[in-house]
Number of protein chains: 2
Amino acid sequence: MFVSRKISESTVRRLSHYLRSLEGFPDIGGTVSSEELAARGQTTAAQVRKDLSHFGSFGKRGLGYSVDQLRDRLRSILGVDRSWRVALVGAGRIGLALFEYPAFRSRGYDCVAIFDSDPEKIGQAWADQVVRSPDEFEKVINELDVELVILALPADGAQEMAMRAVDAGVQGILNFAPIRLNVPPEVPVEDVNLVMELEALSFQITQGEQDA
Amino acid sequence: MFVSRKISESTVRRLSHYLRSLEGFPDIGGTVSSEELAARGQTTAAQVRKDLSHFGSFGKRGLGYSVDQLRDRLRSILGVDRSWRVALVGAGRIGLALFEYPAFRSRGYDCVAIFDSDPEKIGQAWADQVVRSPDEFEKVINELDVELVILALPADGAQEMAMRAVDAGVQGILNFAPIRLNVPPEVPVEDVNLVMELEALSFQITQGEQDA
DNA sequence: TTACTTTTGTGAAGAATTTCACAATACAGT
DNA sequence: ACTGTATTGTGAAATTCTTCACAAAAGTAA
């Protein structure tokens, strides 16, 4: 019914997935059943209904969910019905890839500052942005009201910048550095660890072969 | 004891994390306790022991685990005690970032081919590689014995290339395209979805504020 | 050898998540 | 209005994952 405490990580991932499916629906004004949504997300209809039920009941029995309504509701639940002010820390290949990732800006994640400690890079123009020195970090974060920080730098600098981001009042961190960041529990961190993903893959392949 | 069926996704992620921690240990010949390992991975000592116990018992009571031995064992479990032949599909920003990611090659993931459908890109040299046309895909995958494919292309081309990869005999797929791939269950797929990560982050921030 | 300390490996308990199953309800057709 | 069909919302059951707690080592020191 109400927004109960503790929505699990897996539920959130599925919600994000449902939203992605709904965005693929051209059918304006139509409806979608939990069954259809499940088919697109390799989960079950019951799981879809359970996930959605944590936030209220916005389906119609016998009919399903209004695509438009559900999409709007999911956007609001996931916090993407607004825009976020993001700073990118690390102007390497990964930083560049993210900066130019189309889905990034199109979903309201506005990159308003870029930092890198490499003197070669400081001052470089990236689209409408200029790469800044980390010396300016706190000042810029405050002046531009940055809410999210993306850490796309090597492991050794990541912990320090995470701390500085938290102290500067940032609300969340997307971390690409392959270390576990030590931050206060009230600041959410999401990790993207490419090595871990590859290892999960080779694990599954290796295991699969052992079974055969 | 023995490698039992069905190791959970979360266990695999933790194993990968333990390995990362152990690689940071300069201490050659030393030992490490489940307690220490847990502290580095924001989990508990009992969890570490349970995770490891799925694959045998390679600790010494009263002493802990031999760093060297455990590291080797984890490498073997995760399948990174060997090298993997990888093809990159999509020579955009994300593809480039991955191609140049140092941890990539250093862990035995050898990129042996790059494909892109953009005629502008075909023929470009990337380090020791040349970007190839997807027309050559099946031929090259077979000739070079490619085992893993990294899909770093837009959503609309991803499903087709996934299918072609599976038909060509590829054993696993790392997917950066924001769609759920439809492949036979015996071919493992790992998804890296940047939008999903950002949404998980904004969800947590939004939720946190509602509680306060 | 014996006592003491440490830390593993693991059954059992507890917690969390997923699936089941069905009453409630919404609409369509007649 | 009534019958039939579809589909939600949700307790309860089943399953999976995590934590607890402690006996079984393994080393150390006297």
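Every value quoted in this text rests on a predicted model; they were computed, and no experiment measured them. These values consider heavy atoms only, across backbone and side chains, with no hydrogens, waters or symmetry-generated copies.
Rounded to the nearest 0.5 angstrom, A:Tyr109 OH and A:Leu88 CG are separated by 15.0 Å. Interatomic distance, CZ of B:Arg71 versus CZ of B:Arg75, reported as 5.5 Å (0.5 Å rounding).
Under a 4.0 Å N-O distance rule, the pair A:Arg14/A:Asp51 qualifies as a salt bridge.
The distance from atom NZ of B:Lys50 to atom C1' of C:dG14 is 13 Å, rounded to the nearest whole Å. Regarding B:Asp51, its CG atom lies at a distance of 12 Å from the C1' atom of D:dT19, rounded to whole Å.
The phosphate of C:dG9 (OP1 or OP2) has a side-chain N or O of B:Tyr65 nearer than 4.0 angstrom. Look at B:Gln47 and you won't find any side-chain N or O under 4.0 angstrom from OP1 or OP2 of D:dC17.
A heavy atom lying under 4.0 Å from DNA chain D marks the following residues of residues 32-44 of chain A, by number: A:Ser33, A:Ser34.
Counting all heavy atoms, side chain and backbone alike, A:Arg82 lies closest to A:Gly79 at CG-O, 3.5 Å.
Ring-plane geometry between A:Phe115 and A:Phe137 is classed as perpendicular, the angle between the planes exceeding 60 degrees on a 0 to 90 degree scale with a lower cut at 30.
For the residue pair B:Ser34 and B:Tyr65, no side-chain donor N or O sits within less than 3.5 Å of a side-chain acceptor on the partner.
Heavy-atom contacts from other residues, nucleotides or ligands closer than 6.0 Å to CD of B:Glu138 number more than 12.
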Once base and sugar-phosphate atoms are separated, protein heavy atoms under 4.0 Å mark nucleotides 22-30 of chain C, 5' to 3', with B, S and - as -BBBSS---

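Scanning for salt bridge (charged side-chain N to carboxylate O under 4.0 Å, His left out) contacts around B:Arg180 gives an empty result, with sequence neighbours left out.
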